[in-house]
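Written out below as structure tokens is the structure these notes cover.
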Amino acid sequence: MRQAGRYLPDYRRVREQVSFLELCRDVDRAVEVSLQPIDAIGSEAVIFFSDIFTPIPGMGVDVDFRPGPVVAAPIRSAAQVERLRVPDPRESVPFVFEILRALRGELAAREIPLLGFAGAPFTLASYLVEGAGSRHFGTWKRMLWREPATARALLDRLTDLTVGYLGAQIEAGAQAVQIFDTWAGMLSPADYREWVLPTHREIAAKLDRSAPLILYVNDGAHVLEETAKSGADVISLDWRVDLADAARRVGSRVSLQGNLDPCALAADAATIAQKVRELARDAAPARGWIANLGHGCLPDTPVEGVRAFTDAVRGLAP
Ligand code: CP3
């Protein structure tokens, strides 16, 4: 859940020297930044440093970061969708796989697992159509109703991209992969079933499942049963979901991940430890549980708070 980043002083030192885009493409620096959380916060898995928008320029789309993704010419027409390429990621973003291979080499001896990730089709489309982050993503949501065939064609291309991209990550050494659907939670349950669930199911069906698949749907309490039908092994929950309730509803079919509010890391260590014990108690009925946050660390998250979280997780009785 965005464990490397601006809340870490060591990350900010590296970022002073290069832009975010350069950092994603600079193999040595990206490896360095990916490894920082192991010592800085005591994390027990590493997610390679990149962004969900990394494979998008390879489709022929001009992207910048300010600080979130900004698209020079938003995708609004059937002709633009038609022109989007679905490249072989090994050719369009070779540095991603160099980063993963280098990390696997570094981590093998330490027995720390390596995670790959990708943006989910719906969330990638949200930015591609809107052009940037937005409160309501009105342009994208209107496209679902006014030009459903264009919206479907866009999601189909992005689903193909994601299947190829995650497959190549697994091939390069990722031992589990996570898909981030940050904006899918803005749909009604019926619209989610129509527009989002099929994309997740297709990805789950086509990937090499020797690497577990983790699915994060932000703000997705109302579609929890649907996320559990995606075929993913683990459902990563945001903090708005009651973990005990989620464990009862879907915990026999999937494992759960999450879901402390990252803002709770501003509390003192004893409070954070208490929250971690409550999460462990609530998750107990589920098939499995990965202790984690409910969303990424914000830039002003205190490092001591994140450290208190991982210390408390290690302190849980086996
Ligand atoms: O955890 C890690 O270390 C992996 C790296 C990672 C980043 N982004 C690095 C990043 C991951 C897994 C992401 C995922 C991502 N990116 C998502 C899905 C998860 C979520 O947070 O909901 C989304 C929607 C994006 C798109 C994106 N990238 C946004 C909206 C922003 C700006 C928001 C912000 O936090 O300011 C980014 C930029 C970004 N991606 C940063 C980092 C460390 C900050 C860039 C900087 O250093 O200037």
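Remember, it's 1-based here, ligands and their atoms both numbered in the order they're listed.
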With a 4.0 Å cut-off, would you call Asp156 and Arg152 a salt bridge?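 Looking at Arg152 together with Asp156, the answer is no, because their closest N to O distance does not fall below 4.0 Å.
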Could you tell me whether Asp10 and Arg12 have a side-chain N and a carboxylate O separated by less than 4.0 Å?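 No.
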Could you go through ligand 1 and note, for every N or O atom, any protein N or O atom closer than 3.5 angstrom, writing the atom names and distance to 0.1 Å, or 'none'?
unit_1: ligand 1; atom_1: 1 (O); unit_2: Arg2; atom_2: N; d: 2.9
unit_1: ligand 1; atom_1: 1 (O); unit_2: Gln3; atom_2: N; d: 2.7
unit_1: ligand 1; atom_1: 3 (O); unit_2: Ala4; atom_2: N; d: 3.0
unit_1: ligand 1; atom_1: 8 (N); unit_2: Asp51; atom_2: OD1; d: 3.1
unit_1: ligand 1; atom_1: 16 (N); unit_2: Asp51; atom_2: OD1; d: 2.8
unit_1: ligand 1; atom_1: 21 (O); unit_2: Arg2; atom_2: NH2; d: 2.8
unit_1: ligand 1; atom_1: 21 (O); unit_2: His295; atom_2: NE2; d: 3.1
unit_1: ligand 1; atom_1: 22 (O); unit_2: Thr182; atom_2: OG1; d: 2.7
unit_1: ligand 1; atom_1: 22 (O); unit_2: His295; atom_2: NE2; d: 2.7
unit_1: ligand 1; atom_1: 28 (N); unit_2: Asp51; atom_2: OD1; d: 2.7
unit_1: ligand 1; atom_1: 35 (O); unit_2: Arg2; atom_2: NH1; d: 2.6
unit_1: ligand 1; atom_1: 35 (O); unit_2: Arg6; atom_2: NH2; d: 2.6
unit_1: ligand 1; atom_1: 36 (O); unit_2: Arg6; atom_2: NH1; d: 3.2
unit_1: ligand 1; atom_1: 36 (O); unit_2: Arg6; atom_2: NH2; d: 2.5
unit_1: ligand 1; atom_1: 40 (N); unit_2: Asp51; atom_2: OD1; d: 2.9
unit_1: ligand 1; atom_1: 47 (O); unit_2: Tyr11; atom_2: OH; d: 2.5
unit_1: ligand 1; atom_1: 47 (O); unit_2: Arg15; atom_2: NE; d: 2.9
unit_1: ligand 1; atom_1: 48 (O); unit_2: Arg15; atom_2: NE; d: 3.4
unit_1: ligand 1; atom_1: 48 (O); unit_2: Arg15; atom_2: NH2; d: 2.7

Pairing residues for Ala184 by the side chain to side chain contact (heavy atoms under 4.5 Å, CB included) criterion, not counting sequence neighbours: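 Counting only residues at least two positions away or on another chain, Ala184 forms a side chain to side chain contact (heavy atoms under 4.5 Å, CB included) with Phe122, Asp181, Tyr192, Val196, Val217.
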Ala108: what forms a side chain to side chain contact (heavy atoms under 4.5 Å, CB included) with it, not counting sequence neighbours?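 Side chain to side chain contact (heavy atoms under 4.5 Å, CB included) check on Ala108 returns nothing, list empty.
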Leu260, Asn259, Thr301, Asp238 screened by side chain to side chain contact (heavy atoms under 4.5 Å, CB included) with Leu293, the one that passes: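 Result for side chain to side chain contact (heavy atoms under 4.5 Å, CB included) with Leu293: Leu260.
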Test of understanding: with ring-ring contact (aromatic ring centres under 6.0 Å, His included), list the residues that count as partners of Tyr7, not counting sequence neighbours.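 ring-ring contact (aromatic ring centres under 6.0 Å, His included) check on Tyr7 returns nothing, list empty.
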